[in-house]
Amino acid sequence: MPMPLLLLPVLLLCQASALSMPVEQARHLALRTGFGPTPAAVRRLSFLRYADAVDQLLAPIDSAAMTTPPAFLSQTVPDWKALAGMSTPEKKSFRRQRRENGEALKVWWYREMIATRQPFVERMTLFWHGHFTSSLRKVKTPSLLYRQNTLFRRHALGSYRDLLRRVARDPAMLIYLDNQSNRKGSPNENFARELLELFTLGEGHYTERDVKEAARAFTGRKADYRNGRFTFVKRLHDPGDKTFLGHRGRFGGDEIIDILLQHPRTAEHLVGKLWIEFISPSPEPDQVRQWAGLLRDSDYQLKPLLRAMLTSDAFRSSANRGILVKSPVELVVGIHRLLNTDVVDGGAVLRSARQLGQDILDPPNVKGWPTGNDWITSASLPARIGLIERATRGWEMQPPAMGNAAAVDPLAAMTRDLDITELQSMLLAAPPLEPPEPSDTLVEQLRSLLLDPVWQLK
Amino acid sequence: MNRRVFFQRCLALAALGFAQAPRAGQQRKVLVMLELKGGNDSLNTFVPYTDRAYFDLRPTIAIPPDQVIALDDRIGLNPALAALVPAWSAGELGLVQGLGYPQPNRSHFRSIEIWDTGSASNEHLDSGWLARALAGRPSSGHAVDGIVLGGNASPLTGSGINTVVMRNIHSLLRQAGRIDSHEVTTANPALQHILAVQSAIHRAADQIRTGLRHSNPELDGFPRTQIGRHLEDAARLILANVSAPVIKVSLGGFDTHGRQRRQHDSQLRKLAGALAAFRDNMMAHRRWGDVMVMSYSEFGRRAAENGSQGTDHGTAATHLVMGGRVRGGLFGDAPALDQLDRGDLVFTTDFRRLYNSVLTDWLDLPALYPPREHPSLGFIRS
């Protein structure tokens, strides 16, 4: 419908005053809650009032992934005890296929993170994966890790109570933490130990006795070897009286979790980790305690907590900008999203991130991955910059994402509408160490921003 | 391209720069730290093969006595460590028994933190014990204080020292060219860290290139395992007089909760093969007397086996020291298997004694802990 000429100036006026938050703030929010901003994403955010932008991030999510999961998932989960009955060549072939499926699963998740319209949901899914670690190396069956990943995505912004209960029944987790061997009379403490140390209270707030008693409560919970589903084997369960954190009763796993959620340290521990993930390397104890109270008061619903964190002075403070380090996954996903490129060589993407120290679905140990400055070492820093170099060189070797008919240099596209100053404020968390050379072409200047050490930060 | 050709090319390139011969007396002593990741089961490594309790506690996973390589009438080696026998026979392999600390912690992360920071169990320190020991000493010629091959630089992490982490020498030299140096001051702690890392890479690469210019040693017989490659690179660095006093390597796979024998024996075999090749090569180049290897791990494992033919996290453990000037033999006391503390070995030697011994007797540095409480173990021949 043709726009009446009279209305045009009015609309333009509205456009100008609709810039509702400074670009720096929009960039900071996008950087911290996504995978590295695109100028388009930052611009979209900047038209909103800050509180509305946060609400949008926390709006009801599409709990399903948007990309097609790998084909092997439609096959039935193999009975892994059948492995024992196979001939050697059959075993070899089975293991090779399983490894390939595992790689396909990792590549799929990268595709999802690159394509998603809900980057904050994927960031939280990644956070839960680092918090409730399991590894493909140990669990071996990729479909179990896929189901765990789906669990994290569905509950990414939901209830920590729900998440914890479901994780305690998750087949991948039960295998990873050796609960398969946890049985009445011969307990295996691994799951209970990590439940207390990593998922809830944190070190120093329980005794070895608590670990042993909790282990007894989780006896009988297993992954069924026939189909990979959760099963509770009653005869393996120790139903007797347990004394846990001063409480006494014939506790099963759910009761242990309830007791843990009543303990103030659980919320504090989780809030501390979220602080380190989203705000700064040093949580402020008073604020953490206050937010922990908020989390408990909302019965562990995450959205009120996340809203409080993202709208807080601590999060928004300019002193806290650019002081966090992008994780390897954020770096890899971020450059793909920025350049609007698809994953062509999945193996190469996995190798890049592995070289930087992060192999998704295979964390190095139960505690997950390092955070902050630990990502940057004399070994990883050159590799991180090399990744950006390769990605921004030879655009003609990277086909555009699906749906882009024309092979357009994405760097050139960005520089069409924005000058270098605007691009700098939309992309970098802090001024570059080496300002772009004004005599260079705009595309070259943009490239130098991405190669600057400051691009590594958020 | 094979590694020798690569290094020859490095020499050729480096010759374009100005030459710098190593100063006389620059051949300093080197400590090679060997981290066994996961909590090494030292009862199955250094086996109390004449103790009945050992077999009672481990009905399925004990090393059969006829397979044990006896060192004396009480302790023997897991046969997977056969490659270490020459070092023992030459009196260059020491076993420090019962290493641990009061109020032991059985969490991987907390316990390795205790060992790496050299703290007490209820203390939280921010820096590595070697970082504190090395900081503030006259650093003439030391552009690099610590080199970490692989991961976990924690013992060498702290202010006042320069530690370089590398996958291997090849990778460091190839990638150092990518990094530019920036002379900038900033209040942003993350940016400060990046700048520091960049400088360290530059300095390390420069020093290594300079050192390699004057030496391209023939190295031979290192196994093609990751630990073999790490120790080969360590040998190359030492022989190139890259004068970092500490080089750290590590080997994983020691968290043997289930079906232990296969996994554990395999890792021990790799370890012994690499250490033996390291010793042989250092001896061939007459530098074995300048080198000392020390192993450590976050904890030992429970005395009894668990229900999955493995062992759970424990406490005290025996570790090895090995070198041309190491006094071979047993140090400290083996924890009694009939006096366990709720299933765990009771430590007899505080690990801080090991640290003090290494610092004062080997690296010629002041002790980190009060010598009266943590006296030297005396495993270096004077």
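In what follows, every chain begins at residue 1, and chains take the letters A, B, ... in the order their sequences are listed. Keep in mind that what you see is a predicted model, and the values were worked out from it rather than measured.
More than 12 heavy atoms of other residues, nucleotides or ligands sit less than 6.0 Å from atom CZ of A:R354. More than 12 heavy atoms of other residues, nucleotides or ligands sit less than 6.0 Å from atom CD of B:E113.
Contact tally against chain A (heavy-atom pairs below 4.5 Å) for B:V165, B:D312, B:N122, B:N306: the top residue is B:V165. Comparing B:H257, B:Q192, B:M166, B:K37 by heavy-atom pairs within less than 4.5 Å of chain A, the highest count is held by B:H257.
For the atom pair OG (B:S107) and CZ (A:R193), the distance works out to 7.5 Å, reported to the nearest 0.5 Å. How far CZ of B:R167 is from CD of A:Q355: 4.5 Å, rounded to the nearest 0.5 Å.
Proximity to chain B among residues 364-377 of chain A is limited to A:N365, A:V366, A:K367, A:N373, A:I376, A:T377, judged by heavy-atom separations below 4.5 angstrom.
By the 4.5 Å heavy-atom criterion applied to side chains, A:E189 and B:H313 are not counted as neighbours. A:V325 is not listed as a side-chain neighbour of B:I194, based on a closest heavy-atom distance of 4.5 Å or more. Within the 4.5 Å cutoff, no side-chain heavy atoms of A:V454 are placed close to those of B:N188.
Residues forming a side-chain hydrogen bond (donor to acceptor under 3.5 Å, both in side chains) with A:N188 (at least two apart in sequence, or on another chain): none.
Within the 4.5 angstrom heavy-atom criterion, only side-chain atoms of A:K212, from C-beta onward, approach chain B. The part of B:S308 that comes within reach of chain A is its side chain, from C-beta onward, which places non-hydrogen atoms under 4.5 angstrom from that chain. Residue A:R183 does not touch chain B at all, counting heavy-atom pairs closer than 4.5 Å. With a 4.5 Å cut-off on non-hydrogen atoms, B:N105 touches chain A through its side chain but not through its backbone.
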